Amino acid sequence: MTTSPPSASDSSGPAARSFDLLHPVVQRWIWRQGWNELRDIQDDAVPLLIAPGPDVLVMAATAAGKTEAAFLPILSAAAFARDGAGPPGGFEAMYIGPLKALINDQFRRLDGLCEMAGVPVVRWHGDVDAGRKQAARRHPEGLLLITPESLEALFIRGGLDIPRLFNGLRHVVIDELHAFIGTERGMHLQSLLTRLEAALNRRVPRVGLSATIGDAGLAADCLRPGDGAGVARLTSTADGREIRLQVRTYRDATEETAPDAEALIADHLFKTLRGRHNLVFAGARQTVESYADKLRVLSERLGVPEEFFPHHGSLARGLREQVEARLRDGSLPTTAICTTTLELGIDIGDVESVAQIGPPRSIAGLRQRLGRSGRRAGKPAILRIYTAGPDAGEKTPLVDRLQLPTIQAIAAVRLLLQGWCEPPGPAALHLSTLTHQVLALIAERGGIRPQAAHRLLCVEGPFRKVAAGTFAALLRRLGHPSVRLIEQAPTAELMLGERGERLVSHYSFYAVFQTPEEYRVVTGRKTLGQLPLDRPVAPEMMIIFAGRRWIVAEVRAAERVLEVVPAPGGRPPAFNGGEAGPMHDRLAREMFTVLSGNDIPAFLDAGARDALLAGREIFTRYDVARCSMLPGDKGMILLPWLGSIRRNTLLLALDAEGIRGTGDGVALDLRADPGDVLKALCRIADAPPPDPLILAQRIGNKIQNKFDHLLDDDLLAVDAAAARLETTALPGIARNLVQALSGSPGGGAARHPD
DNA sequence: GACCTGCTGCGGTCTG
């Protein structure tokens with residue numbers, strides 16, 4: 001902010017002053033757009049970004065002008081530099097985006113402005129041809145738009161060239177920052193930024209562009225690990241949209257001939273969404289295909305043009321782009337049925353409403369999805385959540401009669417309305433990504449001493465939860481004769497071994513995530529997309545893919561090709577999709593609150609209201625609030641109302657006590673006599689919290705991330721214990737359950753058993 | 001415990 005007070009004659013508000021700070025060519029560009037004034041976040045961002053200053057977090061809904069908030073001042077500064085002594089050597093600003101498609105969108109958006117400002121703009125990702133990249137490397141200048149993986153490639157292929165390329169860098173802009181929070185890729189990005197600043201030997205101001213999330217502190221910490229408090233936060237106040245929400249529950253019919261819940265939901269989607277632009281989030285690819293098929297059949301039956309199309313990561317790029325283009329173009333009514341592919345900010349224009357199939361597990365994801373609709377001024381954001389409710393008859397298992405899918409949807413909406421959002425797993429070490437960064441750092445520098453690597457990655461960089469001893473064990477492992485990726489020179493410097501060189505020099509190394517092997521699905525000469533190799537397929541089988549039915553004609557295993565021909569009709573295979581992934585404790589607790597309350601939310605349809613009342617009836621009749629259990633088929637259902645991490649920790653602790661069972665959502669299905677469960681819980685309650693490293697031995701599938709296979713059992717156990725277990729609360733949780741199960745006096749009031 | 005994201009340098013073939 002300016003230090004001199006405005007003069008007495010200056011009657012203009014702050015908006016005019018921000019505008020005045022911009023370079024005249026940028027001002028001219030703004031006039032040409034026909035803008036009367038800057039948006040609030042743009043206005044706030046200009047004085048902070050017109051010269052290198054603090055880190056800045058810009059939080060606003062999609063289409064609120066975040067990109068311009070960052071680039072109007074940043075490109076003004078670049079234009080001013082050209083008025084003076086000329087641009088400094090190297091790129092002046094770097095934009096990092098998570099998707100190639102997003103980089104292409106932003107390139108189109110910024111191209112005109114950059115051209116007017118006389119600032120070159122360079123796209124750099126895997127689809128950009130090598131010639132352009134080489135030219136940019138020879139004469140680095142202006143604005144660089146790049147992916148994290150391509151930036152890693154720059155470091156590994158020419159680490160010593162980094163200071164020359166980024167000598168004049170004034171800002172780093174990170175788009176869709178919220179998508180990086182708490183993920184392997186987010187750790188990678190943070191590590192790259194640390195390495196960049198280390199190579200330049202100075203701090204470079206960071207600008208984070210993020211969707212509105214409940215806790216801005218999370219995004220700030222992600223932008224500048226260790227100093228989130230020092231990040232200037234700009235939040236758009238112009239986001240007062242009307243929100244219309246509904247939870248709708250459909251019941252599977254009891255008679256064989258009647259339609260099932262999925263058919264009823266498809267009917268409602270067809271009737272409600274037809275003729276407009278909508279997104280339907282269906283959770284799993286197979287569910288997407290199943291609904292796309294049902295809606296296509298409904299269109300054909302009525303003899304109307306198709307307007308419902310599938311969109312997911314296994315579909316060929318061309319098919320996906322056709323759907324995106326239809327949505328963006330806007331002239332033909334279009335509904336995309338998708339997984340998470342259309343959650344991020346690829347430009348798809350205005351969407352009238354959003355539907356969610358099945359109860360959401362992630363509130364952050366739900367908020368992101370809701371933000372896709374109602375972006376035009378004066379239009380509400382519309383979200384419908386569809387759940388299937390089992391029959392409430394006496395033959396249905398008790399736990400199903402609690403109507404947990406509907407309860408979960410209601411709880412999720414309540415948390416959404418409260419503005420809550422999941423924080424990242426606080427304890428995870430991310431050893432796979434740390435392994436990647438150790439190898440990448442050695443490649444970048446040619447060699448580095450262990451202490452320097454530790455300081456850069458685990459003290460200054462993002463791997464701060466990794467103890468010095470664990471880091472040393474990781475290095476020993478990478479140098480072990482059976483692994484031999486790194487070796488140590490007599491000067492103590494770490495170097496890449498021959499195998500390490502080979503691993504790092506292959507292009508598949510740059511990303512910190514891996515993709516499973518897949519079949520290519522082909523019909524005639526057209527590629528429809530990919531299917532995972534582990535999916536059982538055989539000739540004559542029927543599959544649904546790209547919204548249509550096919551018969552597998554040939555499986556060419558050696559070529560990884562699946563040849564299919566159109567199927568005339570018949571009954572498609574049944575899918576059981578639904579949203580998976582971790583559930584936070586808070587959502588599980590909110591489900592308890594919903595069941596033990598009396599109020600009927602206004603956002604329920606008749607089916608959801610019936611399901612809520614039916615669930616509460618069982619909840620009350622069996623006194624679940626007090627005793628935390630229901631009788632099960634083969635033993636008992638334990639309801640501790642915990643999120644995935646604590647629930648799984650309890651399950652493993654019970655397993656260690658000889659009680660076998662499985663977890664299903666918030667419920668533990670235990671194959672044991674209630675008396676034995678009580679005894680086991682007593683032992684857990686009376687003992688100190690178990691050693692997470694010992695409990696982690698019971699986790700079967702510890703290899704999950706790209707470089708986990710390089711680690712030994714001990715390191716895998718340390719990693720799994722940190723990320724997937726939480727043992728400190730275990731005795732207390734067990735104690736409450738013991739009290740509940742043994743029917744303690746005075747425990748009749750409904751309260752969460754925490 | 002589902003889904004999504006990313007990629008270099010070089011040699012071969014085709015087109016104008």
Side-chain angles (χ1 to χ4, degrees), chain A residues 96-104 124-134 137 146-158 175-176 178-180 183-189 192 281-289 310-315 317 320 338-346 357-362 364-365 368-369 425 433 436 440 443 502-516 518 529-530 532 534-535 575-584 643-645 647-648 651 662-665 699-706 720 723-724:
Chain A
I96 303 179
L99 305 175
K100 291 184 288 193
L102 197 55
I103 286 176
N104 296 342
W124 191 306
H125 58 65
D127 295 346
V128 174
D129 71 58
R132 280 177 194 275
K133 293 182 196 167
Q134 229 165 31
R137 200 196 281 263
I146 195 166
T147 59
E149 288 71 23
S150 282
L151 184 58
E152 182 65 87
L154 267 180
F155 271 97
I156 289 177
R157 303 262 159 194
D175 203 0
E176 307 275 3
H178 57 274
F180 288 106
T183 66
E184 297 294 337
R185 210 167 172 216
M187 298 295 282
H188 185 202
L189 174 61
L192 282 166
F281 290 95
R285 284 171 292 195
Q286 292 195 340
T287 316
V288 165
E289 290 292 355
H311 191 285
H312 56 75
S314 297
L315 285 176
R317 180 172 298 275
R320 289 167 58 172
C338 56
T339 53
T340 56
T341 38
L342 291 174
E343 229 176 60
L344 281 184
I346 306 171
I357 310 278
R361 278 202 174 183
S362 152
Q368 183 78 12
R369 292 168 187 193
T433 299
H436 178 264
R502 220 175 320 133
L503 179 70
V504 166
S505 61
H506 194 263
Y507 67 86
S508 61
F509 178 75
Y510 304 128
V512 294
F513 52 87
Q514 66 184 348
T515 359
E518 291 168 323
Q530 298 84 233
D534 55 13
R535 174 120 176 246
F575 294 125
N576 48 346
E579 200 174 274
M583 184 195 286
H584 194 274
S644 315
I645 290 183
R647 188 209 70 183
N648 286 339
L651 199 57
T662 51
D664 179 18
I699 298 178
N701 49 339
K702 288 201 275 289
I703 293 186
Q704 292 197 320
N705 295 309
K706 188 173 176 185
R724 297 163 68 182

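Since the structure is predicted, the reported quantities are computational estimates derived from the model, not experimental observations. Just so we're on the same page: letters track the sequence lines, and every chain starts at 1. Values below: all heavy atoms of this structure, side chains included; hydrogens, waters and symmetry mates excluded.
The side-chain hydrogen bond (donor to acceptor under 3.5 Å, both in side chains) check on A:Asp129 picks up nothing, with sequence neighbours excluded. Listed by chain and number, the residues in a side chain to side chain contact (heavy atoms under 4.5 Å, CB included) with A:Ala511 are A:Glu149, A:Phe513, A:Lys706 (sequence neighbours excluded). Remark: A:Thr340 engages no residue in a side-chain hydrogen bond (donor to acceptor under 3.5 Å, both in side chains) (not counting sequence neighbours). For the side chain to side chain contact (heavy atoms under 4.5 Å, CB included) test, residues two or more places apart in sequence or in another chain that qualify with A:Arg320 are A:His311, A:Leu315, A:Glu324, A:Thr341. A:His188 is linked by a ring-ring contact (aromatic ring centres under 6.0 Å, His included) to A:His436, counting only residues two or more places apart in sequence or in another chain. Residues passing the side-chain hydrogen bond (donor to acceptor under 3.5 Å, both in side chains) test with A:Thr183: none are found, sequence neighbours excluded. Scored by the side-chain hydrogen bond (donor to acceptor under 3.5 Å, both in side chains) test, A:Lys133 finds no partners at all (sequence neighbours excluded). A search for side chain to side chain contact (heavy atoms under 4.5 Å, CB included) contacts involving A:Ala153 returns A:Tyr510, not counting sequence neighbours. Evaluation of the side chain to side chain contact (heavy atoms under 4.5 Å, CB included) rule for A:Gln530 yields A:Glu518 as partners, not counting sequence neighbours.
Residue whose closest nucleotide on DNA chain B sits further toward the 5' end, between A:Arg157 and A:Glu149: A:Glu149. For the pair A:Asn648 and A:Ser508, both in contact range of DNA chain B, the more 5′-proximal nearest nucleotide belongs to A:Asn648.
Among the heavy atoms of the strands lying under 4.0 Å from A:Phe513 is at least one base atom, whether or not backbone atoms are also near. When heavy atoms are screened at a 4.0 angstrom cut-off, A:Arg317 is found touching no nucleic acid atom at all.
Between the side chain of A:Arg157 and the backbone N or O of A:Ser505, at least one donor-acceptor pair lies under 3.5 Å. Panel note: side chain A:Arg647, backbone A:Met583; no donor-acceptor pair is recorded below 3.5 Å.
OP1 or OP2 of B:dC7 sits under 4.0 Å from a side-chain N or O of A:Thr147. Note on A:Arg285: every side-chain N or O is 4.0 Å or more away from OP1 and OP2 of B:dA2. Distances shorter than 4.0 Å separate some side-chain N or O of A:Arg320 from OP1 or OP2 on B:dT5.
Across B:dG6, B:dT8, B:dC3, the shortest atom-to-atom separation from the side chain of A:Arg185 is found for B:dG6. Distances were taken from every side-chain heavy atom of A:Pro582 (C-beta onward) to each of B:dT5, B:dG6, B:dG1; the shortest belongs to B:dG1. If you check B:dT5, B:dC3, B:dT8 against the side chain of A:Ala153, the one that comes closest is B:dT8.
One interatomic measurement links the two molecules: NE2 of A:His312 to P of B:dC3, which rounds to 9 Å at whole-angstrom precision. In this structure, NZ of A:Lys706 is placed 12 Å from C1' of B:dT5, rounded to the nearest angstrom. Atom CH2 in A:Trp124 sits roughly 11 Å away from atom C1' in B:dT8 (whole-Å rounding). Going from atom CD of A:Gln134 over to atom C1' of B:dG9 covers 10 Å, rounded to whole Å. The separation between A:Arg137 atom CZ and B:dT8 atom P is 10 Å, rounded to whole Å. Atom-to-atom, CZ of A:Arg502 to C1' of B:dT8 comes out at 17 Å; the value is rounded to the nearest Å. Taking atom CG of A:Leu99 as the reference point, atom C1' of B:dC4 lies 9 Å away to the nearest angstrom. The distance from atom CG of A:Leu151 to atom P of B:dT5 is 20 Å, rounded to the nearest whole Å.
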- request: Give the intermediate values and the outcome of side-chain contact (heavy atoms from CB on, under 4.5 Å) for residues A:Asn104 and A:Asp127.
  value: CA-CA 10 Å; A:Asn104 296 342; A:Asp127 295 346; 5.7 Å; no
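Across every non-hydrogen atom of A:Ala443 and A:Val504, the tightest pair is CB-CG1, 3.6 Å.
Between the side chain of A:Arg724 and the base of B:dG1 there is at least one donor-acceptor pair of N/O atoms closer than 3.5 Å. Within 3.5 Å, no donor on the side chain of A:Ser150 pairs with an acceptor on the base of B:dG6, nor the reverse.
The stretch residues 125-133 of chain A touches DNA chain B through A:His125, A:Gly126, A:Lys133, each having a heavy atom within less than 4.0 Å of the strand.
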So which protein nitrogen or oxygen atoms get under 3.5 Å of nucleotides 12-16 of chain B's nitrogens or oxygens?
none

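For DNA chain B, no stem formed by at least three consecutive Watson-Crick or G-U pairs, with both atom-pair distances below 3.5 Å, is detected.
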